[in-house]
Each structure stands twice: as C-alpha cells, then as structure tokens.
Protein chains: 2
Amino acid sequence: MNIYDVSERARVSIATVSRVINGNPNVSEKTKQKVLAVMEELGYTPNVFARGLGLNSMNTIGIMCADSSDPFLANAVYFIERELRKNGYDSFLCCTGYALKNKQNYLSLLLSKRVDAIILVGSGFLEFNKKDNAYIIKAAGEVPVMLINGYLNNPNIYCTLCDDYQATFTAAALLLEQGIQNILYLYTSKSYSGTQKMNGYKAAVMEKLQSVNEDLIQCCPGNIEAARDLLLRLSEGGLKFKAVIAVEDILGVGAIKYAKVKKLAIPKDLSIIGYNNSLLAQCCEPELTSVDNHVETLSISTVSTLMRVLDCQKVPNKTTISNDLNIRNTTNF
Amino acid sequence: MNIYDVSERARVSIATVSRVINGNPNVSEKTKQKVLAVMEELGYTPNVFARGLGLNSMNTIGIMCADSSDPFLANAVYFIERELRKNGYDSFLCCTGYALKNKQNYLSLLLSKRVDAIILVGSGFLEFNKKDNAYIIKAAGEVPVMLINGYLNNPNIYCTLCDDYQATFTAAALLLEQGIQNILYLYTSKSYSGTQKMNGYKAAVMEKLQSVNEDLIQCCPGNIEAARDLLLRLSEGGLKFKAVIAVEDILGVGAIKYAKVKKLAIPKDLSIIGYNNSLLAQCCEPELTSVDNHVETLSISTVSTLMRVLDCQKVPNKTTISNDLNIRNTTNF
DNA sequence: AAAATAATTGTAAACGCTTACATGAGTTAA
DNA sequence: TTAACTCATGTAAGCGTTTACAATTATTTT
C-alpha cells in the first residue's frame, strides 16, 4: 500500500496525493476531498522513511532527560510533549541517566535518527568540566538545541532557565529575617543551576551577615539516607544550624529524617526548605516548604521558543522564568 | 555526505560499503578495514531514512509507559532500555498518560515511525472495557507487542507479569495470621493486574474467614489526599479496619496521613502494606512495608522474550515472575 | 473570441540506501 | 590446461516519497 495505490484509486497523480498529504494549498477543494476519502478508505499512512528521504526530516523532536523518576523532570517532559503535539510535532524521549557516556550516546542516537531539534531537560546535561559539554555544542551544529535549566553560550543553543538565584536568595532572606543565621545549604552537584542556587544563598547571607561560613555549605548524594546521615555527622561534629535549604526536595526529606532522629521540633528547632515543589514535599511529615519553579511555564516557553527557531525567526538565546515559594509546615513563615 | 563519497574515497562500490555497514561477511578483511577507516575519517553515518526504506526497519523498539513519574514504571523503563541497548536495539519512549485517546495516538505514532516492536509497560494499558483494547490487538497485527503486567490472549502479544495474586494473598494472609480480620483493601482501577491483586486479597480472606466483606474493598484515586480523606470518611461512617492493603505505595502514604489525623499508632492500631516498594515507601514516616515486584527481573525477562520473538523463535505468550514483601515499620511482621 | 493570466495537475528526477544478480579473479580438481 | 567452483566485488533496480518544472485547464481581461 503506497502513494500509487491512492493515486490510482483517486484518479490523480502521485504528486497531487503528496500535495494533499502535505497540506499544499495548490489543490482544488474537490480533488482534495476525493483524495482524503480514498486515503481514509484504504487506511493509507505515508511511509516515514520515504517521507524522511524526501523531506530530510522526521517531524520529530528529540527530548533528553537524565532521570524521569525525578518529579521535576518528569513534569517538564510531560508538558513539553503536550506543547510539541499542539504544534504538530512528534517527540521521542530518551532517559539517559547521569553518566556522560550515556548522554553522549543518546544524543548521537537522536541525531542519527534525524530529529529536527533536541531538547535537553534539566541542568543534569551540563558537566562542571566545560570540555565535557563539547558533545552538546557539536550537536548544536546540526540541529537547534534547547537547554532547560542550563546555560551554554552558543548561537544555536537556546536556554530556558528558572531564576534559581532569586529562589535561594529569597529562601535564605526569609529565614534570615526570622533571625535564623546559621542556615545549612545542601547541594548535590556543581551544575549550572546548582551554581546559581548557591550564589543566591551566598548573596543573601552576605547581605545580612557580611560573611559566609563555608562549613555550612555541604555537598550530598541525592538520597534520603545520605542527607540524614550527613546532617547527623555534622551535628555530632559540633556544627550548629537552625535551618536547612536543600536544592532538592529529597534532601529536604533527609533533613526531616535527621530532625526525627535528633528529636528536633520542626520548624521550631529546625526550619527546612526544599526545592521543586514535588510530590515528595507533600508526602513527608511535616509537609515540606519548597520552591515552586513553575515547570509548566518553563516548558511552554521552551517549546514556543523552539517553534520560532524552527521557523527561522530571530529569538533570544536566554529566557528566565521567575519562581516562588510554596509555604508548608517545615518553616514558620 | 553519503555512501557514494565513502565508496569513492575507498575505491570500492557502494555495494561493498553497504556490506561493511551491515556486517555482511562476504567482504575481504582488507577491504573491510579500508572502508571502515574511510567512514571514520569522513565521520560518515548512514542515513536512517534511506536505510529504513531499504530494510523497512528502524532497528528501534517503541516503549510506551503511562506515567514515568510512577517509580515502578520509571524503573521498568530504565531496565528495559538498558537491556535493549545490550541487544543492539535503539528505543524510543513515549509517556502517554492514562487517557485512552492518548494511548491510541502514541501507539499509532510509534507504528507510523516503523518501530520493530512495541513494549507496553504497566497494566495501565489494559482497559476494563475489553473493546477498548482493540487498538493493541490491531497493533499486534503489524509488529510484536510485549505487555508488562497485563494479559491479552493473542498469538502476537507476549505478556510478562508479576504474580500480583500471590503478592496480595501473602500480604493479607500475614495480617490475618496476626489476628487482624478487618483489612481494608484500597485499589485505584480495575486493570488486569488490579483484578489479580484483588483476587489474591479475597482468596486469602475467604480461606481464613469464609466470607469477604465488600465494604472493606474501596476504590480511590491515586493520590495522598484522596486516600486519606476516603479513610477518614469511611471511619466516620463507622467502618472498622485494623489494616490497609494498598495497591500502590502512594495510597499507603495516604493511609499513614489518615492515621496521623486520627492519632492512630502504626502498626499497633493500624497496619499498612503498600505496593511496588518505591521511593515513597522510604520517604514516609513510619517507613512503609511494601510489595517488591522485582522490576529488574521483569524487565530483563521481557526483553529476552522479545529478542527471541524477533528472531522468529517459538516463545510462550505468558511469563510470570514472583515477588515478595519488603518489610518495614508499618507492619508488625 | 482571442490573449493573457491564474489555478490545477502531471511527469520525472532526485533522496541514500539495500540486495538480487552478474561479473571477474583466484583456487582446486581432473 | 581447462573446467568447475569459490570468494570478492560491481551493476543496477528497487524502496515510497517530495518537488521543480512542464503541461493542461479554467478564468479573467481586452
């Protein structure tokens, strides 16, 4: 079953059928209806490969996401797919994990499948070592690349960011206003958005206290036990802190577990602020105050930018979306 | 850059280059090395569309998953992709959501992209109304379909199941042995595996008590508040229950929240068993006893079955993997 | 009514690969 | 030495589209 079968049955040439398929306006309404009817009748679908050969495009956007079980990323992917569909594009999703090698492999895979553009969801795609981002820059030489929550200065890479600096600045400032001075800052990795977050925290502390205690800035693997145990160790080691700002909700949950072990009252003895406003923030007890970074807005903005890029319009390479705090029971705001 | 450029530079015909690309053994070692070297040198990658036109295959498996933020599904997808890669197949993932319309659309999308097979991850793909599964059966007419945690009787559909019946049977039996007779059973939908689970529960209760109280079987949307509020309503309404078996961890968390509101001690006043042994089970307080359904084994088995199907071997249409209970602090086992 | 123009349709050449079949070069057997 | 065979390579015909260009038909203008 191919375009010839349709053209024969509809008594037109294959060119006309092709025009109908591609919505070319130079077809009379009558002919168009006839062809559509025949296509319907025969249950014809154009062959993607042949189509791709002709158009050199799949009409498909590749989406890469390090970890789809991360609720923030999963949400972003969901909204992005929805928006792409609205715009008539298909999408293929790859969950890459965080290993550089895998990210590189998946990116080549998508390129080799000739996607029309690539969306990298999450700062997990930017390595701290800048050389390791070469694979992204290279890809940007072939198709437009959208980067969510990361920034690379390249004319063919378009970045959509939440205002992480502002988020942690505000979070820290609110705590400082309550007279809480020793705020422990928990981060997982030195990604782009990670750095922004840390700078926001530092700036707020600096503004209020004129100095930052580096001991209060701690790196921690992204799971509950690691966070809990780190806090226990730090506390045993004599470090004093009355609040925790965590760059991911899961670390916030770890802080809650720590408070439980140490029988600290939340938020009286320990205030905790998480990040991403994920499901976890509602699961834990007490429920976690968390930064809401407006995933939906972020996703919509990314796709709309991409559409304009694919349409060869001039578009800024950087868009920032502001976010705010979802106040729950681990803080006394 | 195409196969002609390579053939020219390597001073061989395009047929020979093609043979090298496809690992055809009828090429002398010397020629093969020369061609490979040129391909490397030019950075040549075969065009998927042209390749697809010739081979009528993408070398790609389509994976569909209703909700990748469901940790069970996300895990399964991760392992499946890993296994496929091991076997030299690429994969494309679609997160469909639970709406039938979307599931149908994504399935057509994958078929139209000419994937070599389709893996449906999770019982979310089987509708209670059997007519609504026609789209899956139809797809199975075109490519092999793998179904995880669901069962459809069709020669071209291969099902890998966890033994949900056994899991809830065991869970209920353990509670009954402790003398807990009124076990509330919380489910979300009447999927295939949902039915299995319920039957396991009923069988265990029937065996011990010779009758099942249908009031103790309750349907509930899959979120924390809904579960909490349902239990509150039931309790206000006079229903007595000393244990909850939930078909998803998130409902188990809802039960914990309920206990908190009613100031019930866990597990003394209320035992709770979740399902899937997900991250949520470790987040909550107390941590949730949960059924571990061996996602990795399930995934490996699915892919290995698929490989044999694609290799035209005769394979059974149904494989069952047994599971067991991860005991934490919401039960007194 | 003829000429000019616009709208519609058709023809045929790509697109880059795979592969059946043909060819040619070595090897072996008679 | 030549016939029969094997192994390596090449030729050319598809695969199912898109689209520039040519051809035809319909419409408007004069």
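Residue numbers begin at 1 in each chain, while the letters A, B, ... track the order of the sequences.
For A:K318 and A:Y158, the positive end is not near the middle of the six-membered ring at less than 6.0 Å and at most 45° from its axis. Cation-pi geometry between B:K103 and B:F125 is satisfied (NZ or CZ under 6.0 Å from the ring centre, within 45° of the ring normal).
In this structure, the side chain of A:N133 does not engage the main chain of A:L126 through any donor-acceptor pair within 3.5 Å. When atom types are taken as modelled, the side chain of A:T302 and the backbone of A:L298 share a donor-acceptor pair closer than 3.5 angstrom. When atom types are taken as modelled, the side chain of B:N102 and the backbone of B:Y98 share no donor-acceptor pair closer than 3.5 angstrom. Checking side-chain atoms of A:N293 against main-chain N and O of A:V295 turns up no donor-acceptor pair under 3.5 Å. One N or O on the side chain of B:N317 and one on the backbone of B:N154 form a donor-acceptor pair closer than 3.5 Å.
C:dG16 atom P lies 12 Å from atom CE of B:M1, rounded to whole Å. Distance B:N24 CG to D:dA8 C1': 11 Å, rounded to the nearest Å.
Taking only side-chain nitrogens and oxygens, B:Y44 comes nearer than 4.0 Å to OP1 or OP2 of C:dC17. A sub-4.0 Å separation between OP1 or OP2 of D:dG16 and a side-chain N or O of A:N47 is absent. Residue A:N22 places at least one side-chain N or O under 4.0 Å from the OP1 or OP2 atom of D:dT18. OP1 or OP2 of D:dT9 sits under 4.0 Å from a side-chain N or O of B:S28. Close to D:dT9, at under 4.0 Å from its OP1 or OP2, lies a side-chain N or O of B:T31. Between B:S18 and C:dT18 there is a side-chain N or O to OP1 or OP2 distance below 4.0 Å.
A rotation axis mapping the C1' atoms of four pairs onto the next four is fitted at both ends of the helix from C:dA1-D:dT30 to C:dA30-D:dT1 over five pairs, and the angle between these axes is 40° to 10 degrees.
Ion pair A:E296/A:R82 flagged as a salt bridge, since at least one NZ, NE, NH1 or NH2 atom sits closer than 4.0 Å to an Asp/Glu carboxylate oxygen.
Comparing B:G54 and B:S13 by the nucleotide of DNA chain D that holds the closest heavy atom to each, the one mapping nearer the 5' end is B:S13. Place A:I14 and A:P25 on DNA chain C by their nearest nucleotides, and A:P25 ends up nearer the 5' end.
Among the nucleotides D:dT18, C:dT9, D:dG10, the one closest to the side chain of A:I21 is D:dT18. Proximity note for B:L53 (side chain, C-beta onward) versus D:dG10, D:dG16, D:dT17: the nearest is D:dG16. The side chain of B:A15 lies closest to C:dT19, out of C:dT19, D:dT19, D:dT18.
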Sequence-aligned protein contact record of nucleotides 21-26 of chain C, with B where the base is within under 4.0 Å of a protein heavy atom and S where only the sugar-phosphate is: ------
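In this structure, A:F92 and B:F92 have parallel ring planes: the angle between them is below the 30° cut-off, well short of the 60° mark.
Using a 4.0 Å heavy-atom criterion, one finds that A:V48 contacts no nucleic acid atom at all. Within 4.0 Å (heavy atoms only), A:Y4 reaches at least one base atom of the nucleic acid.
Counting non-hydrogen atoms of neighbouring residues, nucleotides and ligands closer than 6.0 angstrom, the CZ atom of B:R9 reaches no more than 12 such neighbours.
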